[in-house]
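Chain identifiers are assigned alphabetically (A, B, ...) following the order of the sequence lines, protein sequences preceding nucleic acid strands; residue numbering begins at 1 within each chain. No hydrogens, no waters, no symmetry mates; every other heavy atom, side chains included, goes into these values.
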Protein chains: 2
Amino acid sequence: MKTLSSAVEDYLKAIFEIQGEEGQGRVSTSALAERLGVARASVTGMLKKLSAMDPQLVRYERYHGAKLTPAGEKIALEVIRHHRLIECYLMEALGYSWDEVHLEADRLEHVISEEFEDRIADMLGHPDIDPHGHPIPDRDGTVRELEGIPLTQLRVGQQAYISRVSDHDPALLRYLDQLGLTLHVKIEVIERGPFDGPLHVRLISSDAVHALGRQVTDHIIVSERVSERRKRL
Amino acid sequence: MKTLSSAVEDYLKAIFEIQGEEGQGRVSTSALAERLGVARASVTGMLKKLSAMDPQLVRYERYHGAKLTPAGEKIALEVIRHHRLIECYLMEALGYSWDEVHLEADRLEHVISEEFEDRIADMLGHPDIDPHGHPIPDRDGTVRELEGIPLTQLRVGQQAYISRVSDHDPALLRYLDQLGLTLHVKIEVIERGPFDGPLHVRLISSDAVHALGRQVTDHIIVSERVSERRKRL
DNA sequence: CTCTAAAATTAGTCGTGCCTAAAATTACCG
DNA sequence: CGGTAATTTTAGGCACGACTAATTTTAGAG
């Protein structure tokens, strides 16, 4: 297993994440370009390269997007495991807040050794999920897919637990933190404004009610069951 | 202050370290090439680039080597501070041994944020020296230069404390650890073989005597005074 | 089924940091 | 002081990963 560049790791991670979000189909050049902040043409070039590597990391068909091979997916999952363990570690051991960890982890994920990974995983008690509720793959690349639906889709009167929050926007995370909308909190939808209007959400524990816009509720995943244990024994 | 590449940081660090080791003169192209493991011609190219940057990072004269400018030295010291703090952190917080920390730190030093640096420095109590006895620069770039001489130069009968050990060779560090020749240990030179022969060294605490070759004694720095406090308040 | 807009690819460049081989310069020795 | 060996620089190239501009392909509307 030779060393891959950060760029390659970033592409594989992005393909994996987009595959997960938008069904299981192929990932388009544009979607990748957008997520990675590079020009479409750059993506085309990299996809050709990734599909020509030995072992082949993506299956790529001209004009029809790409899809990870098992080898590519394995690497993506290793990078994601690094990322999420580092996020946990930064919070637990170094006192970072949940809006600060993502950027730091994005840089560290490419340079830590397996040794480092093992040590922080041990120290943390092998957590299942990261600070935003995303599952942490096993060393062997197994991910438990979590159920849940966007808060946006919850009906008035329904209650649920916050089980996952998108980690890409620090400002959103700080906002949620202020409102008390943190992981594992139980909420109820009180009212929904017309024409995609704000969703009024009540925190069960404090009775506080907040009106949330679509930009917010789309990025919160809720589940009727309380999240499973946060750490394995 | 824009972001510099790892390569640039590595060059500046190497120039600083060689300047420190070999008097205060200019650093030769070959010395740099050797330390960095690249071809001489590559060094020439990089030195030209570094001396053309704004702000200028090295003063470079064709055929006569290079020397850090204050701006270059500042950056070198930041990288070295990162490196040494990370080494401390890996030992104290993650249970690494002193032969394992160097490689990991060499990768991490380029990607951690100031935030990360501050947090580990706080957590460690702002240590003065790294696990091999090298001084850790202040945030503002001040380094306390430590006194001491190579163990090789100690005379028979002289006693001294081990104050610093070269960190580049993990095998050497493991070897010393096995013999009990760790930092701050007091030793006495018992005998010196003829023709640059082995140096017989006694550990004051245990009375154990070991014969050490030149390859070893050259890389151990000793001091007659016990090392200063290891952590600042 | 054709026409067009959107998406994707090709073609051509650029900056970075490395390489080798050849030429230039320095430094040292007699 | 001249000649040679060691050091260093120049010249030319390569891989990588990004870019823009121009072209091709696809997909969707009528």
Contact list (N/O, under 3.5 angstrom) for nucleotides 14-18 of chain C vs protein:
from, atom 1, to, atom 2, distance (Å)
dG17(C), OP1, Ser5(B), OG, 2.4
dG17(C), OP2, Lys49(B), NZ, 2.0
dC18(C), OP2, Tyr11(B), OH, 3.1

If you restrict it to nitrogen or oxygen atoms, what contacts under 3.5 Å exist between nucleotides 10-12 of chain D and the protein, and what is each distance?
from, atom 1, to, atom 2, distance (Å)
dT10(D), OP1, Arg62(B), NE, 3.0
dT10(D), OP2, Lys48(B), NZ, 2.6

For this session: Would you mind checking if Asp106(B) and Lys13(B) are paired as a salt bridge, meaning a charged N to carboxylate O distance below 4.0 Å?
Result: yes
For this session: Figure out the OH/P separation between Tyr63(B) and dC28(C), and round it to whole Å.
Result: 17 Å
Exercise. Does a donor on one side chain sit under 3.5 Å from an acceptor on the other, for Asp169(B) and His102(B)?
Worked result: no
For this session: Indicate whether the side chain of Glu104(A) and that of Ser113(B) have a donor and an acceptor atom separated by less than 3.5 Å.
Result: yes
Exercise. CZ of Arg40(B) versus P of dA24(C): gap in Å, rounded?
Worked result: 19 Å
Seminar exercise, completed: Sequence neighbours excluded, the answer for salt bridge (Lys or Arg N to Asp or Glu O under 4.0 Å) partners of Glu17(B) is Arg35(B)
Problem set entry | Any side-chain donor near an acceptor of the partner, Thr152(B) and Thr217(B), under 3.5 Å | yes
For this session: Provide, to the nearest angstrom, the distance between the CD atom belonging to Glu61(A) and the C1' atom belonging to dT25(D).
Result: 13 Å
Problem set entry | Spacing between His64(A) atom NE2 and dT25(D) atom C1', to the nearest angstrom | 9 Å
Problem set entry | Between P of dT7(D) and CZ of Arg26(B), the distance in whole Å | 19 Å
Exercise. What integer distance in Å separates Leu50(A):CG from dA18(D):P?
Worked result: 11 Å
For this session: Using the six-membered ring wherever Trp is involved, compare the ring planes of Tyr89(A) and Tyr89(B) and label them parallel, tilted or perpendicular (cut-offs 30° and 60°).
Result: perpendicular
Exercise. So does Glu114(A) pair up with Arg139(A), basic N to acidic O under 4.0 Å?
Worked result: yes
Problem set entry | salt_bridge(Arg119(B), Glu100(A)) N-O dist < 4.0 Å | yes
